[in-house]
Amino acid sequence: MKQLLQWTIIIPILSWVLFFSGLVDNSSIFQIVASILLILSVMSAVHHSEIIAERVGEPYGTIILAISITVIEVSIIISLMLSEGSEAASLARDTVYAATMLILNGIIGLCLLIGSIKHYEQNFSTSSVTIGLVSLISIIVFTLVFPTFTESVHGSYYSTPQLIFASIACVVIYSSFLFAQTKGYRQYFLTNGSNEDETKTHPIEINNKTFYTSLVFLLVSLGIVVLLAKTLSPTIETIIIGYNLPKSLVGVIIAIIILLPEAIAAIIAARKNRLQTSLNLALGSALASIGLTIPSVAAVCIIMNMPIVLGLDIKSIVLLALSVFTVMLSLSKGKSNIVYGVVLLVNLFAFMFLMIYP
């Protein structure tokens, strides 16, 4: 009974009650309440994902969270595209691009900065980072860059055969990355060194009841995040248009909401001197965000005969290339540095600033 009275259990239940009450649709006050409950539900998802990760161990814990968050992303994008039709043709691209920039510059940048401030210098496996970045770069080019330069269809579109090929390529690359992370080269992705001594000395025992409760309420929390985000997105879009801001900011806000659990979990790990876990979360999330989202959305668009814009403009491609190149250099030596974190965060601010002032 005591376990069921925890806030991480109560908040998702209250959020579901508010959603089904219908009050969010007609009241700005309840929309504010729903926004608060949305953030708290994200925090609840982080809590439950950490318990699950503690039970199943690395790298499976980070994989569970990454795939769970990707399910949220896919659900929100597809539901909005089905409701808005051709007006949301670029929503998948905007959200995936924003998520990639937020992960590479924001999450990794904050982890490097906070970890360096607290621990001066942190170690991580360059082999795991290389595997992640090689996979990520290939997927990025196939999904966000090539559509701008192909000639079969005018504009930033893939033809149907090209879209099918890119989707298959994403699934194959992400599957090979998962194999490396869980089987073939699992040792590269494990946290090691003095920072794990404390957890080995004082292991946290997660019993079956706690584990299954967290598993259920992780799904409950993620589910209500999807529904509340979808419900609040028209209000967000109205506010953005009202201030004459670019509509692509909707994708950024959706990406921020989606990535909050991973961002918080990664920053907490960096503060605990477990930067390898932070990087597993960040790079795994970026790969899942593109490698699973694009094929899922593409399949729906092909079946429903809906248009989907994937290619970025030249300015966005340059910013994305700068971000990838900076991350590659920052993570090439296996040691963190406060300067790397600062530069990545400046890249993030440049991305946001140039979106508002193109």
Side-chain angles (χ1 to χ4, degrees), residues 59 62-78 80-81 88-104 107 128-150 152-153 156-185 189 251 254-255 258-259 262 280-304 306-312 316-317 320-321 323-324 327-328:
T62 56
I63 292 172
I64 288 172
L65 182 56
I67 293 179
S68 299
I69 299 304
T70 304
V71 171
I72 291 181
E73 185 175 11
V74 172
S75 301
I76 293 175
I77 291 172
I78 290 177
L80 289 176
M81 290 183 74
S90 63
L91 181 63
R93 179 200 64 186
D94 294 340
T95 303
V96 167
Y97 172 55
T100 304
M101 295 295 284
L102 288 168
I103 291 168
L104 293 180
I107 296 179
S128 68
V129 169
T130 302
I131 291 172
L133 286 176
V134 165
S135 305
L136 181 62
I137 291 170
S138 183
I139 287 178
I140 284 175
V141 172
F142 278 131
T143 55
L144 299 178
V145 178
F146 273 173
T148 303
F149 301 99
T150 53
S152 297
V153 181
S156 300
Y157 296 89
Y158 266 147
S159 65
T160 299
Q162 291 171 336
L163 189 57
I164 293 173
F165 170 79
S167 299
I168 293 173
C170 288
V171 172
V172 170
I173 292 171
Y174 184 69
S175 299
S176 66
F177 170 78
L178 276 186
F179 172 78
Q181 192 176 26
T182 57
K183 299 291 183 183
Y185 302 92
F189 296 86
I254 291 174
I258 291 168
L259 292 173
E262 289 163 311
N280 288 349
L281 269 170
L283 294 177
S285 300
L287 277 162
S289 177
I290 308 178
L292 296 180
T293 299
I294 295 300
S296 301
V297 174
V300 173
C301 289
I302 291 172
I303 294 171
M304 303 293 292
M306 295 169 56
I308 175 172
V309 177
L310 287 179
L312 296 169
S316 298
I317 291 174
L320 185 57
S323 301
V324 172
V327 169
M328 288 177 62

Output all residues satisfying side-chain hydrogen bond (donor to acceptor under 3.5 Å, both in side chains) with [X], sequence neighbours left out; order by chain, then residue number.
X    : answer
T95  : none
S176 : none
S323 : N105
S90  : D94

By ring-ring contact (aromatic ring centres under 6.0 Å, His included), which residues pair with [X], not counting sequence neighbours?
X    : answer
F142 : F146, F165
F179 : none
F177 : F189

Rounded at 0.5 Å granularity, tell me how far [atom1] in [X] sits from [atom2] in [Y].
X    : Y    : atom1 : atom2 : answer
L144 : Y97  : CG    : OH    : 9.0 Å
L104 : I140 : CG    : CD1   : 6.0 Å
T148 : I317 : OG1   : CD1   : 4.5 Å
I139 : Y174 : CD1   : OH    : 9.0 Å

Taking the side chain as everything from C-beta on, heavy atoms only, tell me whether [X] gets closer than 4.5 Å to [Y].
X    : Y    : answer
L163 : L310 : yes
N280 : Q181 : yes
V309 : Y157 : yes

By side chain to side chain contact (heavy atoms under 4.5 Å, CB included), which residues pair with [X], not counting sequence neighbours?
X    : answer
T160 : I164, I302
A98  : V252, A255, F351
V172 : I168
M306 : M81, L82, C301, M304

Which pair of heavy atoms, one from [X] and one from [Y], lies closest together, and at what distance?
X    : Y    : answer
I131 : Y185 : CD1-CB, 4.3 Å
L178 : T182 : O-OG1, 2.7 Å
T143 : C170 : CG2-SG, 3.3 Å
A282 : I107 : CB-CG2, 4.1 Å

Requested in this report: Please confirm whether the backbone N or O of I173 pairs with a side-chain atom of S135, one donor and one acceptor, at under 3.5 Å?
Outcome: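 No; zero donor-acceptor contacts below 3.5 Å.
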Query raised in the report: Counting only N and O atoms by type, is there a donor-acceptor contact under 3.5 Å from the side chain of R93 to the main-chain atoms of G311?
Result: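 Confirmed, R93 side chain pairs with G311 backbone.
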Anything under 3.5 Å between a donor and an acceptor, one on a side chain of residues 286-298, the other on a protein residue two or more places apart or in another chain? List them.
unit_1: S289; atom_1: OG; unit_2: E73; atom_2: OE1; d: 3.0
unit_1: S289; atom_1: OG; unit_2: E73; atom_2: OE2; d: 3.2
unit_1: T293; atom_1: OG1; unit_2: E73; atom_2: OE1; d: 3.3
unit_1: T293; atom_1: OG1; unit_2: S289; atom_2: O; d: 2.6
unit_1: S296; atom_1: OG; unit_2: L292; atom_2: O; d: 2.8

